[in-house]
Amino acid sequence: MIDLRAARQDPDAFRAALARRGAAADFDALLAADFRWRELTERAEALRAEQRRSSKGAPPGPERIAELRRLSDELASAQVEQSDAERERQDLLARIPNLPDPSAADGMTEEDSQVLRTWGEIPSFAFVPRDALDLGSPRGWIDMARGARLSGSRFAYRIGDVALTEMALYRFVLDFLASRGFLPVLPPVLAGERAMYGTGFLPTEESNLYLLERDGLYLTGTSEVALAGIHMDERLEEDQLPALYAGFTTNFRREAGAAGKDTRGMFRVHQFDKVEMYVYCRAGESREFHERLLAYEEEIAQALGLPYRVMNIAVGDLGAPAAKKYDIEAWFPVQGRYREITSCSNTTDYQARRLNVRMRGESGLEFVHTLNGTGATARALLAIMENFQDEGGTVAVPEVLGRFGAPGTIGRQSPGTAR
RNA sequence: GGAGGGUUCGCCUAGUGGCCGAUGGCGGCGGUCUUGAAAACCGCUAUGGGGCGCGAGCUUCAUCGUGGGUUCGAAUCCCACACCCUCCGCCA
């Protein structure tokens, strides 16, 4: 959430910043609700103070009790008004997105994002290249049909060489991040409402979440939730920062609103695995760490040999918690375009405020800043398959993955019984 | 799933309707003493919100697992729920 006290003090600056992402009207509604809440709070508190003063000391006599009963009734109705106003204020506050970073790209849509740079050679093929599904499906390395039979659309079996290569990719990235100071974590994938709100997936992303109603738990769409929740309500010592975590989880997304989008193959599925970076740092350091997360993502893409470009995402296309976001888009030869394979966001103090993660600094307790970024998902594997295929339909696996159990080539051996 | 025990201010703990925002100890911080340190002694030691003030600050409300209820008044009584521990059952 945003810093409401700061917003009261300089509403024009907040309104202007939020207007860049189309949230100026919501902000004004919030300020009005806040004003009302403060008025009602003052009134209720004054009554409560009077009641507390009256209930000190010896028990009151009968005529005094009649008086106090009236006061009690008055207080009760004042408190109802106050809590109604508070609920309205909280609901509005929960929907206000983070203040965008001045250097985040202008614009409201995906098309407004800025290309910062490109890397690598776009491959040219002497044959018609096949996408990952065409490469994998006929011989059983990627099986969407059986996935659909089991679980419905957008579920994939990855089998044999593809399974091993994918696992190697995650292990490679986890190792890479560990060598850069990240602590590897295997966190829970079921999380309660508090963590979902705290990370900003609720209330705005509710339709995209799987909810286990019987248990009041959500399936997380990213380990960001669990890594952000790991220090919920904690007071971090300054020497604990920066804290860098590398999580690995299976992730679940309903992909509501994505109907008809990326329906082919396993580019957009309901269940996928991911190595995620998550950083806690001091307020002054988050811009620098954002650049670092991007640099790590680029190093990984380069180690895999994937041609890519770096995008500065337009403010209107940011998730609510993000102040600024970079995407890396790899070249997909069959689609003939760059597609997102990783993403990293600076969420400044937005999640830390909601999750109540603070540190003891020079001026007392202050909220930390947090950042998140993709280490790797299977999308990198799809890019590998498309970019490094040969005419016979086999794929040369990047050498760096060999150390982690990947076969040198995908498609040389039979996938075995799954066929 | 069943039975029992528990949840209080960093940790441990006292507290069964008004004198409790809350006892005591540990830890931490400051001071006295000391060449320095330890010990001893003295003091301070939660968080969040609102109002006032340029500010140091003053003031007020909330918070004793969470949410409801009873009452003029709740850490304390009642109800529901959550979590933790022990035992039994079941299962990976």
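In what follows, chains carry the letters A, B, and so on, assigned in the order in which the sequence lines appear, proteins first and then strands, with residues in each chain numbered from 1. For the numbers below, each heavy atom of this structure counts, side chains included, while hydrogens, waters and symmetry mates do not.
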Exercise. Scan every strand shown for a Watson-Crick or G-U wobble partner of B:rG55, both distances under 3.5 Å, and answer none if you come up empty.
Key: none
Quiz item: Considering Watson-Crick and G-U wobble pairs with both distances under 3.5 Å, what does B:rC33 pair with?
Solution: none
Quiz item: Does A:Arg264 pair with A:Asp134 as a salt bridge, N-O distance under 4.0 Å?
Solution: yes
Exercise. Quickly work out the A:Glu86 CD to B:rC61 P distance and round it to whole Å.
Key: 17 Å
Self-check item: A:Tyr326 OH to A:Leu116 CG distance, which is reported to the nearest 0.5 Å
Solution: 6.5 Å
Quiz item: Should B:rG4 form a Watson-Crick or G-U wobble pair with both distances under 3.5 Å, which nucleotide is its partner?
Solution: B:rC85
Practice problem: For B:rA75 and B:rC61, measure between their P atoms and round to the nearest Å. | Solution: 14 Å
Quiz item: For the side-chain hydrogen bond (donor to acceptor under 3.5 Å, both in side chains) test, which of A:Gln335, A:Arg339, A:Arg154 pairs with A:Asp262?
Solution: A:Arg339
Exercise. State whether A:Arg43 and A:Glu81 are salt-bridged, where the test is any N-O pair (Lys NZ or Arg NE/NH1/NH2 against Asp/Glu carboxylate O) under 4.0 Å.
Key: yes
Exercise. Would you give the length of the straight line joining atom CZ of A:Arg89 to atom CH2 of A:Trp37, rounded to the nearest 0.5 angstrom?
Key: 4.0 Å
Practice problem: Please determine if A:Asp233 and A:Arg194 form a salt bridge, counting it only when a charged side-chain N lies under 4.0 Å from a carboxylate O. | Solution: yes
Quiz item: What's the CD-C1' distance between A:Gln9 and B:rG55, to the nearest Å?
Solution: 14 Å
Protein N or O to nucleotides 73-82 of chain B N or O, pairs below 3.5 Å:
from, atom 1, to, atom 2, distance (Å)
B:rG73, OP1, A:Ser72, OG, 3.0

Self-check item: Under the side chain to side chain contact (heavy atoms under 4.5 Å, CB included) test, residues paired with A:Pro407 that sit two or more places apart
Solution: A:Asp161, A:Leu164, A:Thr165
Self-check item: Qualifying residue, where the test is side-chain hydrogen bond (donor to acceptor under 3.5 Å, both in side chains) with A:Thr370 and the options are A:Thr347, A:Thr199, A:Asn346
Solution: A:Thr347
Practice problem: Using whole Å, report how far CD of A:Glu237 lies from P of B:rG27. | Solution: 18 Å
Quiz item: Which whole number of Å gives the distance between the C1' atom of B:rG5 and that of B:rG21?
Solution: 28 Å
Quiz item: Between atom CZ of A:Phe176 and atom CD1 of A:Ile300, what is the distance when rounded to the nearest 0.5 Å?
Solution: 5.0 Å
Quiz prompt | Gap in Å between the two C1' atoms, one belonging to B:rC9 and one to B:rC26, rounded | solution = 14 Å
Quiz item: Is it true that A:Arg130 and A:Glu386 have a side-chain N and a carboxylate O under 4.0 angstrom from each other?
Solution: no
Quiz item: With both distances under 3.5 Å as the test, what is the Watson-Crick or G-U wobble partner of B:rU47?
Solution: B:rA62
Practice problem: Please state how far atom CG in A:Leu75 lies from atom C1' in B:rU60, giving the value in whole angstrom units. | Solution: 14 Å
Quiz item: Across all strands, who's sitting opposite B:rA92 as a Watson-Crick or G-U wobble pair, both distances under 3.5 Å?
Solution: none
Quiz item: In whole Å, what is the span from the CD atom of A:Gln79 to the P atom of B:rA62?
Solution: 8 Å
Practice problem: Rounded to whole angstrom, note down the P distance from B:rC29 over to B:rC87. | Solution: 40 Å
Self-check item: Proximal nucleotide (of B:rC72, B:rU47, B:rC61) relative to the A:Ala49 side chain
Solution: B:rC61
Practice problem: Round to the nearest Å and state the distance from A:Glu366 atom CD to B:rU47 atom C1'. | Solution: 16 Å
Exercise. Under 4.0 Å between any heavy atoms, over every strand shown, what does A:Arg70 touch: base, sugar-phosphate, or nothing? Just pick one.
Key: nothing
Quiz item: If each of A:Ala46 and A:Arg235 is mapped to the nucleotide of RNA chain B with the nearest heavy atom, which maps nearer the 5' terminus, i.e. the 5' end?
Solution: A:Arg235
Quiz item: Which whole number of Å gives the distance between the C1' atom of B:rG73 and that of B:rA80?
Solution: 24 Å
Quiz item: Within this structure, what is the CD-to-C1' distance between A:Gln90 and B:rA62, rounded to whole angstrom?
Solution: 14 Å
Mind listing the N/O atom pairs, protein and nucleotides 48-52 of chain B, below 3.5 Å?
from, atom 1, to, atom 2, distance (Å)
B:rG48, OP1, A:Arg358, NH1, 2.5
B:rG49, OP1, A:Arg5, NH2, 3.2
B:rG49, OP2, A:Arg5, NH2, 3.2
B:rG49, N2, A:Glu45, OE1, 2.8
B:rG49, N2, A:Glu45, OE2, 2.3
B:rG50, OP1, A:Arg8, NH1, 2.7
B:rG50, OP1, A:Arg8, NH2, 2.8
B:rG51, OP1, A:Arg38, NH1, 2.7

Practice problem: Inspect the contact between A:Arg87 and A:Asp91 and indicate whether a charged nitrogen and a carboxylate oxygen are less than 4.0 angstrom apart. | Solution: no
Quiz item: When the P atoms of B:rG50 and B:rA56 are considered, how many whole Å apart are they?
Solution: 16 Å
Quiz item: C1' atom, B:rU60 versus B:rG4: distance in rounded Å?
Solution: 44 Å
Quiz item: Looking at A:Arg52, does any N or O in its side chain come under 4.0 Å of the phosphate oxygens OP1/OP2 on B:rG18?
Solution: no
Quiz item: B:rC83 and B:rA74: how far apart are their C1' atoms, nearest whole angstrom?
Solution: 23 Å
Quiz item: Can you tell me how far P of B:rC20 sits from CZ of A:Arg53, to the nearest Å?
Solution: 18 Å
Quiz item: Which nucleotide, in any strand shown, forms a Watson-Crick or G-U wobble pair with B:rG67, with both distances under 3.5 Å?
Solution: B:rC79
